[in-house]
Enquirer: 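I'd like to ask you about the structure that follows.
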Amino acid sequence: MHILLAASAFNSLTQRVHAELRDRGHSVAVELALPAVSLVEAVDRHRPDLVIAPMLRTPIPREVFSAHTCLIVHPGPVGDRGPSSLDWAVTEDATRWGVTVLQACEEMDAGDVWATADCPLPPVGKSDAYRGEIADAALSAVLTAVERFARGTYVPERQASGRARPYLRQELRRIDWAKDSTQSVVRALRAADSRPGVLDEFLGGQWFLHGGHPEDRLRGRPGELIATRAGAICRATVDGAVWIPELRARRLPGEPAPVKLPATLALGDRLPPLPELPAPPRADTGADAPRTWSDITYREQGAAGFLTFSFPGGAMSTTQCRRLLAAYREACARPVSVLVLGGGRDFFSNGIHLGVIEAAADPAEESWANINAMDDLVEAVLTTTDRFVVAALGGNAAAGGAMLALAADEVWCRGGVVLNPHYRLMGLYGSEYWTYTLPRRTGTGVAQRLTADALPISAESARRLGLVDRTIDCAPQEFADETTRLAVRVADSPAILSRIAGKKACRDADESVRPLAAYREAELARMRETFFDPQAPYHALRRAFVRKEPADRTPPHLERTVPGRRTAPLPTRRPRVTGPAVQDRAPGPAGC
């Protein structure tokens with residue numbers, strides 16, 4: 001079928017639906033619901049068999065839903081209605097939730113039901129759950145609805161009743177630091193973590209608080225700032241404290257939209273002298289482990305080491321890259337044969353931190369520092385020849401973050417991951433040694449297509465293309481345990497030493513053909529030219545992205561119809577040091 005996705009933004013769920021529908025042979029196009037664009041005219045132009053709205057904040061016009069079947073993806077169970085469904089679920093501490101695919105009609109979220117799927121709702125941030133359990137349930141429901149529509153005989157079920165809940169306004173999210181417990185504060189912060197944040201006032205300013213993690217050892221006067229760690233601030237509650245990683249200043253009349261930043265950077269000179277508390281050197285996951293927060297942790301199990309990192313939004317600033325590189329070097333000094341990089345449940349990485357760059361006094365210089373810090377990290381991974389390195393992607397990856405993963409010897413992905421291995425939508429050529437790592441996995445032709453098309457691909461498609469070595473079909477909450485089990489098994493394999501020797505031989509052979517330094521030099525020459533050209537599109541694109549400036553039209557690469565993919569496995573494009581599980585292996589010659 002030809003399916004049109006109508007969406008308010010090409011967000012993570014819309015990208016996943018786009019990629020998975022193409023995997024199943026459907027042709028897909030996207031139209032963004034924008035104030036200056038007529039959705040009626042857009043639908044007439046596309047002439048779709050079916051319209052799906054994975055994430056739509058505005059109603060579908062009667063002229064559209066009366067002429068076409070239009071399916072709305074609502075992130076709530078049957079009967080739940082309103083624009084803040086998931087926010088309310090997290091606020092009320094729900095442990096299970098669901099997704100409903102319903103037919104568009106006059107009343108929002110009240111249409112006939114085509115499919116539903118329920119899911120657990122773990123104690124994580126709203127956006128994390130949205131990209132994880134909610135996205136899994138949404139995809140299951142969408143595929144069921146598409147199959148039922150294609151059969152042509154299914155009759156959707158009417159909703160007998162429903163409860164429309166209002167938009168969750170700031171006055172309902174407000175934190176009372178003099179009364180609210182740590183659990184209550186964390187819940188409020190998690191319900192607003194990415195957007196809109198929780199509005200608060202302190203240190204002479206108004207700030208939206210983004211993200212919240214419990215701390216049960218530190219104490220202070222409720223509401224008081226008591227410590228910092230890795231750019232986050234720790235604020236006391238009545239029975240403990242919470243770590244808040246990011247802040248966004250409230251917008252002033254006539255001013256551009258402020259940028260969401262690491263909390264200490266956002267506060268700047270307002271921040272009083274506070275102790276900078278280092279994170280525990282090793283992750284402690286026992287029942288009696290203290291509740292605290294760190295964006296980088298390390299642990300070991302048997303002969304496998306696990307360096308886990310989690311940066312808000314997947315963005316990695318110059319400072320974060322350097323801290324992760326230092327942690328990586330420390331991990332490489334440990335007596336382990338397998339080192340797993342990543343393994344968390346949300347974003348792996350999206351590359352350089354555009355928000356920090358935009359807020360810098362000199363964005364060009366900060367861009368340059370950030371990309372060099374990313375390159376240093378990737379180079380360290382590429383040149384690790386005394387152990388086997390695995391990139392474990394429990395969440396999405398894009399741009400330089402996707403290329404960071406490709407620097408590892410193997411890439412393991414949760415089945416629900418979406419990859420965007422390209423840079424051009426931000427007006428960049430790209431670095432992170434992508435001109436070395438991407439073609440060696442996919443071949444030059446596929447690498448050129450991926451970077452030119454600038455479209456999301458599913459984990460399974462990435463495996464067929466050679467970008468990913470293993471897909472792990474599990475719930476987001478299970479990914480860390482599954483990764484641990486697999487990594488320990490690889491580390492205990494009798495062949496691990498020969499695998500490590502084989503990767504070193506391959507690296508030496510590649511270096512003799514063209515040194516890594518040559519790839520870096522060529523890539524950075526292109527990047528420097530862009531960064532320091534005030535007229536380069538990168539600067540306007542970056543500004544629009546971080547300040548959430550609305551688009552005036554659907555980007556051409558989304559608007560055009562993309563045919564469904566072939567589903568037969570593609571031959572591997574690169575020699576393998578260690579193969580994935582037998583059931584996941586694509587046919588291809590054995591390598592060095």
Side-chain angles (χ1 to χ4, degrees), residues 280-286 296-309 323-344 348-349 376-394 404-414 433 436-437 440-441 463 466-472 474 478-511 516 572 574-585 590-592:
R282 299 282 183 88
D284 186 352
T285 57
I296 301 173
T297 59
Y298 179 76
R299 62 184 176 88
E300 290 177 4
Q301 184 165 329
F306 301 86
L307 182 60
T308 303
F309 56 96
R323 288 195 297 106
L324 183 55
L325 175 58
Y328 181 81
R329 286 172 172 160
E330 289 182 16
C332 284
R334 298 292 304 165
V336 295
S337 56
V338 172
L339 178 57
V340 177
L341 187 62
F348 179 78
S349 171
D376 290 344
L377 174 61
V378 174
E379 180 184 16
V381 178
L382 282 170
T383 56
T384 299
T385 56
D386 62 345
R387 67 201 62 222
F388 198 73
V389 182
V390 173
L393 280 62
L404 169 61
L406 298 189
D409 302 308
E410 284 194 354
V411 180
W412 299 351
C413 269
R414 194 180 81 84
Y433 298 88
Y436 169 65
T437 57
R440 74 171 178 160
R441 280 181 166 268
R463 187 191 65 81
L467 289 171
V468 168
D469 301 283
R470 186 193 298 266
T471 56
I472 301 173
C474 66
E478 299 168 357
F479 184 71
D481 288 343
E482 288 296 310
T483 300
T484 299
R485 180 181 61 80
L486 290 167
V488 170
R489 192 175 72 186
V490 171
D492 290 342
S493 167
I496 188 62
L497 294 181
S498 63
R499 292 174 176 177
I500 294 171
K503 70 170 273 189
K504 184 179 187 307
C506 287
R507 175 84 282 281
D508 291 344
D510 286 353
E511 188 72 10
L516 282 178
T572 183
R574 71 179 185 95
R576 294 187 182 276
V577 176
T578 176
V582 172
Q583 66 268 27
D584 290 337
R585 180 177 292 129
C592 61

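Bear in mind that the values here come from a model prediction, so they are computed numbers and not experimental data. Values reported hereafter were calculated over all heavy atoms of this structure, with side chains retained and with hydrogens, waters and symmetry mates removed.
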Enquirer: Strictly below 4.0 Å, N to O, side chains only: are Arg485 and Asp481 in salt-bridge contact?
Expert: no
Enquirer: Using the side-chain contact (heavy atoms from CB on, under 4.5 Å) rule, take Leu486 and Val490 through it: C-alpha gap first, then chi angles, then the decisive distance, then the call.
Expert: CA-CA 6 Å; Leu486 290 167; Val490 171; 5.5 Å; no
Enquirer: Would you please name every residue forming a side-chain contact (heavy atoms from CB on, under 4.5 Å) with Thr483, sequence neighbours left out?
Expert: Val340, Ala392, Trp412, Ile472, Phe479
Enquirer: So which atom in Phe309 and which in Leu404 form the shortest heavy-atom distance, rounded to 0.1 Å?
Expert: CZ-CD2, 4.4 Å
Enquirer: What's the spacing between Lys503 NZ and Asp386 CG if we round to 0.5 Å?
Expert: 7.5 Å
Enquirer: Has Ser337 got a side-chain atom pairing as donor or acceptor with Arg387's backbone, closer than 3.5 angstrom?
Expert: no
Enquirer: Testing the basics here: between Val378 and Ala407, what is the closest heavy-atom pair and its distance to 0.1 Å?
Expert: CG1-CB, 3.7 Å
Enquirer: From Thr308 OG1 over to Leu341 CG, what is the distance, rounded to the nearest 0.5 angstrom?
Expert: 8.5 Å
Enquirer: Please name the residue in the list Leu406, Leu516, Val389 that meets the side-chain contact (heavy atoms from CB on, under 4.5 Å) test with Leu382.
Expert: Leu516
Enquirer: Can you give me the closest heavy-atom contact between Arg441 and Val411, atom names plus distance?
Expert: NH2-CG2, 3.7 Å
Enquirer: So which heavy atom on Ala408 is nearest to which on Ala391, and how close?
Expert: CB-N, 3.5 Å
Enquirer: Return the CD to CZ distance between Glu410 and Arg499, rounded to the nearest 0.5 Å.
Expert: 7.5 Å
Enquirer: Might you point out which heavy atoms bring Val390 and Val338 nearest each other, and give the distance in Å?
Expert: CG2-CG1, 4.4 Å
Enquirer: Run the side-chain contact (heavy atoms from CB on, under 4.5 Å) test against Thr484 and tell me which residues pass, sequence neighbours left out.
Expert: Arg299, Gln301, Phe306, Val488
Enquirer: How long is the span from the CG atom in Asp409 to the CZ atom in Arg507, to the nearest 0.5 Å?
Expert: 11.0 Å
Enquirer: I need the Phe348 CZ to Cys413 SG distance, nearest 0.5 Å.
Expert: 9.0 Å
Enquirer: List, one per line, each side-chain donor-acceptor pair under 3.5 Å for residues 324-335, sequence neighbours excluded.
Expert:
{"residue": "Tyr328", "atom": "OH", "partner": "Thr384", "partner atom": "OG1", "Å": "2.7"}
{"residue": "Arg334", "atom": "NE", "partner": "Glu300", "partner atom": "OE2", "Å": "2.6"}
{"residue": "Arg334", "atom": "NH2", "partner": "Glu300", "partner atom": "OE1", "Å": "3.3"}
{"residue": "Arg334", "atom": "NH2", "partner": "Glu300", "partner atom": "OE2", "Å": "3.4"}

